[in-house]
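Only one structure is covered here, and it is reproduced in the block below.
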Amino acid sequence: MRPATAEIVREYGPFPGIGHVHGVTYDGRHVWIAAGHNLTAIDPVSGKRLRSIDVTADAGTAFDGRHLFQIAGDRIQKIDPETDRVLATIPAPAGGASGLTWAEGTLWVGQYRDRRIHQVDPGTGEILRTIESNRFVTGVTWTNGELWHGTWEGDESELRRVDARTGEVLESLAMPPGVGVSGLESDGGDRFFCGGGASGKVRAVRRASRTGTPRVVAGGGPLR
């Protein structure tokens with residue numbers, strides 16, 4: 001499959017004190033950045049940094065509609081963004097975790113070098129399903145019933161839509177040479193938020209509607 005070209009429509013950052021973006025999620029109002037020593041919220045409209053939560057945040061981030069989930073080494077933390085408290089932890093899949101997202105009442109965990117995506121019970125950490133990839137897996141997200149993940153090998157990076165049962169690549173968007181993806185989240189419409197690794201940036205990527213009709217995104221008008 002020949003990848004289409006990813007359309008980068010906006011860049012956020014770099015931000016003072018954030019040297020590396022490890023993970024990204026979106027709660028409907030804020031984009032959250034895993035910055036290693038904290039989780040930082042930014043306004044996707046103004047691009048301003050709003051607040052931070054002091055927790056270990058060295059890989060993927062997810063939001064379940066109420067709580068944030070954050071990979072911290074060999075564990076996944078459940079965080080209340082209202083109080084900044086870590087409410088619970090579960091073990092992360094052995095072998096190292098990269099991306100993280102929430103869908104179908106479960107967590108989906110990307111493993112970078114193992115080239116896998118695991119569906120994980122958010123209460124126990126039990127692995128419920130495993131999908132194999134033929135590329136390194138960075139960020140992971142679900143949008144409109146579709147599973148997407150980021151890849152990053154050398155100077156090449158892509159966003160890939162894959163079959164959630166077989167891992168078959170169904171669609172691919174290639175980032176510009178040298179632009180990596182270290183985290184991935186959808187806004188629920190036609191934008192992806194992509195962590196930019198050591199650039200300290202987050203990039204918004206637009207995916208064209210398959211029908212050619214502009215779709216309405218959360219909090220705004222149709223993207224064209």
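For the single chain, residues carry numbers from 1 onward in sequence order.
The hydrophobic cluster containing Phe136 also includes Tyr112, under a criterion of side-chain heavy atoms closer than 4.5 Å among ILVMFWY residues, counted directly or through chains of members. Clustering of Ile, Leu, Val, Met, Phe, Trp and Tyr side chains at separations under 4.5 Å places Val55 together with Trp32, Leu39, Ile53, Phe63, Leu68, Ile79, Val86.
Sequence neighbours left out, the pairs with a member in residues 68-97 that pass ring-ring contact (aromatic ring centres under 6.0 Å, His included) are Phe69-Trp102.
Within the 4.5 Å cutoff, the side chain of Ser182 has heavy atoms near those of the Trp152 side chain. The closest side-chain heavy-atom distance from Ile131 to Thr166 is not below 4.5 Å.
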Could you go through residues 14-24 and list every donor-acceptor pair under 3.5 Å that involves a side-chain atom there, pairing it with any protein atom two or more places apart or in another chain?
none

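A donor-acceptor pair is defined here as one N or O able to donate and one able to accept, closer than 3.5 Å; no such pair exists between the side chain of Glu132 and the backbone of Arg116. For Ser52 (side chain) and Thr40 (main-chain N/O), no donor-acceptor pair under 3.5 Å exists by modelled atom type. At least one donor-acceptor pair closer than 3.5 Å links the side chain of Ser98 to the backbone N or O of Val137. The main-chain N or O of Gly150 is found under 3.5 Å from a side-chain atom of Thr138 such that the two form a donor-acceptor pair.
Within 6.0 Å of CG on Asp163 lie more than 12 heavy atoms contributed by other residues, nucleotides or ligands.
Residues meeting the side-chain contact (heavy atoms from CB on, under 4.5 Å) test with Glu156, sequence neighbours left out: Arg135. The side-chain contact (heavy atoms from CB on, under 4.5 Å) check on Ala204 picks up Val9, Arg10, Tyr12, Phe193, with sequence neighbours excluded.
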